[in-house]
Amino acid sequence: MLSSSGRRIGFGSMQLTGRGHWAAPDNPEQAMQVLRDAVDAGVTHIDTADAYGPFTAEKYIRKALRPFPDGLVIATKGGLTRQGPDRWASCGRPEYHASALR
């Protein structure tokens, strides 16, 4: 599903997490409604990462949108780990990236 211009419209899911992009949001139902509203408004690409929460944004994406609409692209990335709110560390070890795919 592309927009009428033929381009994807994206949504960054980092904001679905709690303060400092750590843990669950204060209102999980509202976070999931934001996702549903975004897709209803024409979003065709959702960006996420295992470091968002960590492992929080993906959970809400799955709960809110499954079964996923045709044409919706959900893309993830790796390379950062979390040690606490607003704390990020680079991690390029191959074993880390392999474990994120499981």
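In this structure, Trp22 is not a member of the same hydrophobic cluster as Ile61, with clusters built from ILVMFWY side-chain heavy atoms closer than 4.5 Å.
The minimum heavy-atom distance between Val43 and Leu72, with the atom names listed, is O-CD1, 4.1 Å. Between Glu58 and Asp50, the shortest heavy-atom contact is OE2-N, 3.2 Å. The two residues Val39 and Ile46 have their closest heavy-atom pair at CG2-CD1, 4.4 Å. Across Tyr60 and Ala24, no two heavy atoms sit closer than the pair OH-CB, 3.6 Å.
For Arg36, the side-chain hydrogen bond (donor to acceptor under 3.5 Å, both in side chains) partners two or more places apart in sequence, or in a different chain, are Gln33. A search for side chain to side chain contact (heavy atoms under 4.5 Å, CB included) contacts involving Gln83 returns Thr81, Arg87, Ala89, not counting sequence neighbours. Among residues two or more places apart in sequence or in another chain, the side chain to side chain contact (heavy atoms under 4.5 Å, CB included) test is passed with Asn27 by Glu29, Gln30.
With rounding to the nearest 0.5 angstrom, the CG atom of Leu80 is 5.5 Å from the OG atom of Ser90. One distance of note links NE2 of His21 with OG1 of Thr56; it measures 12.0 Å at 0.5 Å rounding.
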For residues 10-17, run the donor-acceptor check on the side chains, cut-off 3.5 Å, and write out each pair with its distance to 0.1 Å, sequence neighbours left out.
residue : atom : partner : partner atom : Å
Ser13   : OG   : Asp47   : O            : 2.7
Ser13   : OG   : Thr48   : OG1          : 3.1
Thr17   : OG1  : Met14   : O            : 2.8

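Counted by atom type alone, Lys77 and Tyr52 present one or more donor-acceptor pairs between their side chains at under 3.5 Å.
Each salt bridge (Lys or Arg N to Asp or Glu O under 4.0 Å) pair with one or both residues in residues 11-26, not counting sequence neighbours, would appear here, but there are none.
The backbone N or O of Pro54 sits nowhere less than 3.5 Å from a side-chain atom of Arg82 that would complete a donor-acceptor pair.
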**Asked** Yes or no on side-chain contact (heavy atoms from CB on, under 4.5 Å) for Ile74 and Phe68, after CA distance, side-chain angles and deciding distance?
**Response** CA-CA 9 Å; Ile74 301 170; Phe68 301 113; 3.6 Å; yes
